[in-house]
Amino acid sequence: MAFGHGTHLCLGQALARVELRIALETLFRRMSGLRLAVAEEDLVHTADKIVYGLRSLPVTW
Ligand code: HEM
């Protein structure tokens with residue numbers, strides 16, 4: 001769903017998946033203590049923009 005569907009399905013999704021796998025694996029390897037700094041239920045989701053997401057993602061390590 002993140003890469004759209006139909007005629008306008010993301011042409012870069014294969015590249016994006018590889019980049020995300022490398023970036024996230026590197027992040028969690030280098031910062032193995034990375035975790036949420038707030039309770040999960042306190043995260044505020046946004047639906048008022050083109051891209052769905054979180055208002056903020058406080059973390060600690
Ligand atoms: C996490 C990264 C990415 C996400 C979440 C993403 C998401 C999307 C989405 C949702 C669409 C469809 C937009 C629509 O329906 O109008 C799209 C289209 C497109 N994306 Fe991506 N994209 C990402 C990375 C990339 C990369 C790395 C490239 C190129 C190197 C790329 C190239 C394109 C192109 C050319 C289209 C237009 C396809 C068309 O209209 O025929 N995207 N992308």
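Throughout, residue positions are numbered sequentially from 1 according to the sequence presented. Order of listing sets the numbers, starting from 1, for every ligand and every atom in it. Predicted, not measured: the structure shown is a model, and the values here were computed from it.
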Between Ala14, Ala16, Gly12, which one has a non-hydrogen atom sitting closest to atom 31 (C) of ligand 1?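 Closest candidate by heavy-atom distance is Gly12.
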Pick one of side chain, backbone, both or neither for how Ala2 approaches ligand 1, counting any non-hydrogen atom pair under 4.0 Å.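 Answer for Ala2: backbone.
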If the cut-off is 4.0 Å to any non-hydrogen atom of [X], which atoms of ligand 1 fall inside it?
X: Gly4; value: 10 (C)
X: Leu15; value: 30 (C)
X: Leu9; value: 38 (C)
X: Thr7; value: 41 (O)

Mind checking what makes side-chain hydrogen bond (donor to acceptor under 3.5 Å, both in side chains) contact with His8, not counting sequence neighbours?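 So His8 forms no side-chain hydrogen bond (donor to acceptor under 3.5 Å, both in side chains) with any residue.
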Strictly distance-based, threshold 3.5 Å: is any side-chain N or O of Thr46 a donor or acceptor partner for the main-chain N or O of Arg55?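 No.
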If you measure every N/O of His8 against every N/O of ligand 1, is any gap under 3.5 Å?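 N/O-N/O distance below 3.5 Å exists for this pair.
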For a quick test of reading the model, state the closest non-hydrogen atom pair linking Ala16 to Phe3 and the distance between them.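 The answer is CB-CE2, 3.7 Å.
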Return the minimal non-hydrogen interatomic distance between Pro58 and Val38, and the atom names on each side.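 Looking at all heavy atoms of both residues, the shortest contact is CG-CG1, 4.0 Å.
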Does the side chain of Arg35 reach to within under 4.5 Å of the side chain of Val59, using non-hydrogen atoms?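 Of all side-chain heavy-atom pairs linking Val59 with Arg35, none is under 4.5 Å.
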Any residue meeting side-chain contact (heavy atoms from CB on, under 4.5 Å) with Leu20, in chain and number order, not counting sequence neighbours: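 Applying side-chain contact (heavy atoms from CB on, under 4.5 Å) to Leu20 gives none.
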